[in-house]
Protein chains: 2
Amino acid sequence: MNDRAGPKRPGAQNARDGDTELRILDAARRVFIRRGTAGARMQEIAAEAGVNQALLHYYFRSKDRLAATVFAEAAFRVVPAIADLLGSSATIEEKVERFVHLYIDAVRQSPFLPGYLVAELHQQPKRLTAMLEAAGPGARAAVGTIRRKLGRQLRDAAAAGTIRPIAPEQFFVNMIALCVIPFLARPLLGALLGMDARAFDDFLDQRRAELPGFIIRGLRS
Amino acid sequence: MNDRAGPKRPGAQNARDGDTELRILDAARRVFIRRGTAGARMQEIAAEAGVNQALLHYYFRSKDRLAATVFAEAAFRVVPAIADLLGSSATIEEKVERFVHLYIDAVRQSPFLPGYLVAELHQQPKRLTAMLEAAGPGARAAVGTIRRKLGRQLRDAAAAGTIRPIAPEQFFVNMIALCVIPFLARPLLGALLGMDARAFDDFLDQRRAELPGFIIRGLRS
DNA sequence: GTCTATATTGTGATAGAC
DNA sequence: GTCTATCACAATATAGAC
């Protein structure tokens with residue numbers, strides 16, 4: 001993916017079970033996600049990967065590169081599926097329902113990802129900009145295409161009287177907001193409402209079921 | 001509020017303009033909010049307050065205490081107004097409209113607060129728990145009271161056929177989500193959609209106007 | 001109360017043996 | 001490729017003069 005100066009991988013064969021680089025990356029993911037880039041310690045990552053600190057630098061050269069790798073991976077994990085869905089030819093109602101299910105089911109697998117991403121985006125907004133430029137003009141172009149297509153669909157539906165007029169950005173942001181909020185508010189829900197893991201799970205199930213209807217009624221005229 | 005071992009304030013009279021402690025706290029707020037607790041540097045805070053690093057320790061003893069002070073202040077800034085509103089005797093429709101306006105207008109004054117809070121909550125979930133315990137049982141009791149009252153109101157409205165049945169937690173979380181998301185997603189909106197300060201402002205105005213209707217229609221049966 | 005050192009530890013990164 | 005040892009500097013915190 002990105003040029004790593006470090007190792008040439010001929011017939012990499014390790015003392016331990018699998019691929020060391022991967023074990024390091026896995027550990028880095030976990031540590032960065034829960035501590036944030038600034039709060040993470042190379043030592044903690046090394047310990048969690050079962051190797052020593054020097055190896056992290058051997059494979060990833062610096063903390064900053066390792067952090068950038070983890071961030072880029074995380075940022076682009078959910079995007080493709082969402083983009084496909086929103087750009088598809090399904091009706092608005094279908095898109096809403098599928099989006100809610102797709103998103104909640106996906107993020108449930110990594111419930112701390114949204115908190116991590118919001119924190120990073122907030123604390124280092126330039127990283128994303130840099131990443132997008134590095135990704136070339138294709139990325140932004142793709143966003144623009146989907147936005148126009150979705151906007152057209154929403155206009156047509158409004159003209160047909162199915163829904164009220166709404167800007168595609170507002171529509172999209174509304175869906176994201178309603179789906180992602182439980183994960184961002186997880187600590188609050190726990191502390192304030194005494195919600196434990198089980199209760200949180202029920203809360204998510206309920207949302208998954210109710211949200212599509214709530215959104216679609218909100219769109220109707 | 002919390003016991004600071006440091007200064008006894010008899011007739012504090014400074015070389016500079018105003019109260020030094022306040023200037024430090026202001027600077028700390030700004031720095032912690034944009035860098036996060038882990039990423040903030042005492043040196044940067046000192047520079048931004050126009051004093052030297054030793055004074056920070058004189059007034060706040062340690063970075064951790066300073067961070068805790070800033071966090072507690074931030075966490076309890078918006079809460080009281082929201083609690084009053086939700087516990088009031090207004091109708092659901094009135095509450096929705098007032099909440100949206102109140103919340104967006106308030107957070108607009110400090111647009112980086114939500115990102116900071118989410119980051120801190122995510123990276124140090126224990127801080128909130130500790131704070132709540134320190135605040136005594138009154139805090140949680142107040143939450144419980146409001147939740148029950150709001151729940152009753154929602155049940156009554158549902159029984160009367162005005163709205164669909166909905167749990168008070170879901171109702172509340174929906175409103176928060178839709179109001180707070182623009183601030184959390186601000187970096188994304190900028191990078192992906194090319195939204196500048198002006199466009200973001202328009203985006204907020206549009207939401208402020210459309211959100212109440214969207215939510216209320218979503219609640220209706 | 002406020003400053004200039006300075007102590008002390010934490011932390012990313014490198015050298016070099018194996 | 002992986003380790004141990006260590007460097008170099010960043011960062012919190014304290015001592016003590018004014």
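Scope of the values below: all heavy atoms of this structure, side chains included, with no hydrogens, waters or symmetry mates. Naming: A, B, ... by sequence-line order, numbering from 1 per chain.
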Residues in contact with DNA chain D, drawn from residues 38-46 of chain B - heavy-atom cutoff 4.0 Å:
B:A40, B:R41, B:M42
Closer than 3.5 angstrom, by distance alone: can the side chain of B:E120 be matched with the main-chain N or O of B:T37 as a donor-acceptor pair?
yes
Can you check the A:K63 NZ to C:dA13 P distance for me, whole Å?
8 Å
Give the rounded distance in Å between these two atoms: CD of B:Q53 and C1' of C:dA7.
13 Å
Please identify each residue that fulfils side chain to side chain donor-acceptor pair (under 3.5 Å) with A:D205, with sequence neighbours left out.
A:R108
Just grab all the side chain to side chain donor-acceptor pair (under 3.5 Å) pairs involving residues 179-202 of chain B, residues at least two apart or on different chains.
B:R198-B:D202
A:L56 atom CG is separated from D:dG1 atom C1', nearest whole Å, by 13 Å
Find the distance A:I24:CD1 to D:dG1:P and express it as a whole number of Å.
11 Å
Regarding B:E210 and A:Q170, do their side chains bring together a donor and an acceptor under 3.5 Å, going by distance alone?
no
C:dA13 phosphate, OP1 or OP2, under 4.0 Å from A:H57 side-chain N/O
yes
How about A:Y116 and A:F112: are their ring centres within less than 6.0 Å of each other?
no
Write down the distance between OH (A:Y58) and C1' (D:dA5), rounded to a whole number of angstrom.
19 Å
Rounded to the nearest Å, what distance is computed from the CG atom of residue A:L55 to the P atom of nucleotide C:dC18?
18 Å
Separation of A:Y59 OH from A:R23 CZ (nearest 0.5 Å):
9.5 Å
Grab the CG-C1' distance between A:N52 and C:dA13 for me, whole Å please.
13 Å
